[in-house]
Amino acid sequence: MPYDWGSDFVSRHPIVANIAIIVIIAVLGLYAAYVAIALFTKHGQSGKLPGVEGKSYTEAISILHEHGFKVDIRDSLYREDIRPGYVVEQFPKARSIVKPGRKIFLYINAVHPKEVILDDNDRPNEPALKGESFRSVMAKLDELGFKNVKIVKVLGTTDRVVKVTANGKIVKKMQKIPVNSNLVVEVSDGRLEAIKDSLQDEELLRYYREDNSQESEINEMTEVNTNTTAPSNTPEVEENTPYFE
């Protein structure tokens, strides 16, 4: 009967044998996990992502599905230079190196422009954004996506918004307007205080001039009275008058 050295080694070194068995099982487990991950993630398989920007929604989906990609519509934008229902933007970008089965996000141009509320204060009869600071209003309009904004300076005391018009009509609170509207923001320029100060200074200067003019007239009248002498009652005697007895 041949000698079983393996059993003899295990019986004589059980701890070492158990450690060796554990190591072998761990290595096999790691290898199995690596193979499973590679199959799941399609490790080593990648390709260039086709570009679908500017294509119709149905055409873009068809192209991406043919290349093994999934499609997700993230949001609807509105651009006047792109036809409604066409892809405005995609992520990842075209020609990116991606793996098959990757989800591609598409942004579609909306049929109608997005409508937003400039001022959500619950007073629908009042002009929107009236009295707010010019900087905060401009930041808000930029955040909402308005591109056609014109600034008109009007006479006022501070840099506050007087009114906002969209396509020639005053925008009210709680009113929705399209983001492609032509906005005109009227804002006071702070010149009124300067004009008031200037008018006040002019009034003081005029008062000072009139006061000095009256004082000058009084002084002139006083000098005239001082230089005029009263007539004498003594008759004047002419010299070289001949004397007759």
Please walk me through it: do K70 and I104 pass side-chain contact (heavy atoms from CB on, under 4.5 Å)? CA-CA 6 Å; K70 299 177 182 179; I104 310 302; over 6 Å; no
With [X], which residues qualify under side chain to side chain donor-acceptor pair (under 3.5 Å), at least two apart?
X: S62; value: none
X: Y86; value: R83
X: E89; value: K93

For a 4.5 angstrom cut-off between non-hydrogen side-chain atoms, does [X] reach [Y]?
X: I63; Y: F69; answer: no
X: I73; Y: I108; answer: yes
X: P178; Y: K114; answer: no
X: F91; Y: S96; answer: no
X: V171; Y: P127; answer: no
X: K48; Y: I97; answer: yes

For the hydrophobic clusters of this structure (ILVMFWY residues joined by side-chain heavy atoms under 4.5 Å, transitively), does one cluster hold both V164 and M174? no
If hydrophobic clusters are built by linking Ile, Leu, Val, Met, Phe, Trp and Tyr wherever their side-chain heavy atoms come under 4.5 Å apart, do V98 and I61 end up in the same one? yes
For [X] and [Y], work out which heavy atoms get closest and say how close.
X: P84; Y: V111; value: CB-CA, 3.7 Å
X: L49; Y: P92; value: CD2-O, 3.2 Å
X: K55; Y: G51; value: CE-O, 3.6 Å

Report the residues that fulfil salt bridge (Lys or Arg N to Asp or Glu O under 4.0 Å) with K163, sequence neighbours left out, ordered by chain and then residue number. E186
Please lay out, stage by stage, how V161 and V185 fare under the test side-chain contact (heavy atoms from CB on, under 4.5 Å). CA-CA 7 Å; V161 173; V185 180; 4.1 Å; yes
Reported [atom1]-to-[atom2] distance for the pair [X] and [Y], which is rounded to 0.5 angstrom:
X: I177; Y: N167; atom1: CD1; atom2: CG; value: 8.0 Å
X: S136; Y: R160; atom1: OG; atom2: CZ; value: 7.5 Å
X: R102; Y: H67; atom1: CZ; atom2: NE2; value: 16.0 Å
X: E132; Y: D159; atom1: CD; atom2: CG; value: 12.5 Å

Result block: side-chain N/O donor-acceptor pairs under 3.5 angstrom for residues 141-156, not counting sequence neighbours:
| unit_1 | atom_1 | unit_2 | atom_2 | d |
| --- | --- | --- | --- | --- |
| N148 | ND2 | N182 | OD1 | 3.4 |

Determine all donor-acceptor pairs shorter than 3.5 Å in which one atom belongs to a side chain in residues 115-125; sequence neighbours excluded.
| unit_1 | atom_1 | unit_2 | atom_2 | d |
| --- | --- | --- | --- | --- |
| D119 | OD1 | N121 | N | 3.1 |
| D119 | OD2 | L129 | N | 2.9 |
| D119 | OD2 | K173 | NZ | 2.8 |

If only atom types and distance count, is the side chain of T165 paired as donor or acceptor with the main-chain N or O of G168 below 3.5 Å?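 Checked: no pair found.
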Walk me through it: do V187 and V162 pass the test side-chain contact (heavy atoms from CB on, under 4.5 Å)? CA-CA 5 Å; V187 56; V162 178; 5.9 Å; no
